[in-house]
Amino acid sequence: MSIDGRIGLKNGKSQWITDIYSRSMVHSIRAEFDAIIVGGNTLRKDNPLLTSRSRKSPEPLRVVFTRTLNLPLERNLWNCDVAKTLIVYVESSANEKNLDKIPRCIELAKIPSDNPQLLSKLLGERGFNKILWECGPDLATSAIKNGCIQETITFIAPKILGGVNSMTPFADFHFEDMDEVKILSKSTIQLLDKDICIKNIL
Ligand SMILES: NC(=O)c1ccc[n+]([C@@H]2O[C@H](COP(=O)([O-])OP(=O)(O)OC[C@H]3O[C@@H](n4cnc5c(N)ncnc54)[C@H](OP(=O)(O)O)[C@@H]3O)[C@@H](O)[C@H]2O)c1
């Protein structure tokens with residue numbers, strides 16, 4: 001994010017806020033994980049590759065969490081030669097018509113509700129225990145609210161994006177009092193080339 005806490009402009013443009021050194025560090029961080037989760041909206045908007053750029057073999061499992069299954073026909077994540085992709089969707093008669101559009105090499109799993117805890121449990125049962133949630137504000141907030149996150153990694157770039165409607169890393173937690181806000185501990189601060197990386201325990 002930028003120094004004023006923005007992860008994108010009002011029009012959705014966000015490439016790039018952090019510099020090449022930070023982005024390369026993200027590839028190395030991905031290599032420490034068994035699986036990486038994004039939500040359907042990040043898949044639609046960013047078309048990420050979500051790999052460690054060969055720092056880990058095999059690459060971490062790429063996971064798309066979706067309620068709607070409204071996913072584009074062509075996405076980098078559909079290239080199964082690079083890494084495996086799993087789509088986890090919420091069971092509903094409304095979205096099942098979209099199943100036909102998913103490429104055959106992609107594995108599918110359904111869960112009964114959109115509670116992120118069910119996704120963590122499903123991945124744990126399959127042996128994926130160290131999970132990186134690399135998602136946007138809505139899913140990140142939902143994952144934190146449901147106790148799925150133990151550690152945060154924040155990259156801050158010395159840029160000002162400004163604007164009241166720019167994207168921020170989290171959606172509304174509906175806190176009413178400062179006693180309710182999330183408090184992070186054990187800050188580890190690393191000065192990078194231009195950016196700063198802060199790791200915290202939640
Ligand atoms: N700067 C960064 O590091 C960074 C990282 C990631 C994303 N982003 C930005 O974040 C924006 C997208 O934000 P987003 O919040 O919509 O992210 P997201 O990662 O797409 O998560 C939201 C999507 O997750 C799915 N979902 C399933 N269960 C959910 C639940 N319980 N709560 C919330 N979502 C659930 C839904 O997909 P369906 O709609 O398919 O049902 C929903 O639209 C993009 O513009 C992207 O550029 C930035």
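All residue numbers in this chain count up from 1 along the given sequence. We use all heavy atoms of the structure for the numbers below, so side chains are in, but hydrogens, waters and symmetry mates are not. Whatever order the structure lists ligands and atoms in, that order sets their numbers, starting from 1.
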Could you tell me if the side chain of R55 sits less than 4.5 Å from the side chain of S24, heavy atoms only?
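Yes; the side chains approach each other to less than 4.5 Å.
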Passing option when V63 is tested against T85, I87, L132, L119 for side-chain contact (heavy atoms from CB on, under 4.5 Å):
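One option only clears the test, and that one is L119.
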Does the plane of the ring in F173 sit parallel, tilted or perpendicular to the ring in F170? Use 30° and 60° as the thresholds.
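Taking F170 first and then F173, their aromatic rings sit tilted (interplane angle of 30° to 60°).
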Could you state whether L77 and L86 fall into the same hydrophobic cluster, counting links through intermediate Ile, Leu, Val, Met, Phe, Trp or Tyr residues with side-chain heavy atoms under 4.5 angstrom apart?
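They do not share one cluster, since no chain of ILVMFWY contacts under 4.5 Å joins L77 to L86.
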Is K110 positioned over the aromatic face of Y89, cation under 6.0 angstrom from the ring centre and no more than 45 degrees off axis?
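Because its charged atom misses either the 6.0 Å distance or the 45° angle limit, K110 does not stack over Y89.
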Tell me, which residues have any heavy atom less than 4.0 Å from some atom of ligand 1?
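Near ligand 1, by chain and number: I7, G39, G40, N41, T42, R44, K45, D46, F65, T66, R67, T68, D114, E134, C135, G136, P137, D138, L139, S142, M167.
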So does E91 pair up with R67, basic N to acidic O under 4.0 Å?
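Judged by the 4.0 Å cut-off on N to carboxylate O distance, E91 and R67 do not form a salt bridge.
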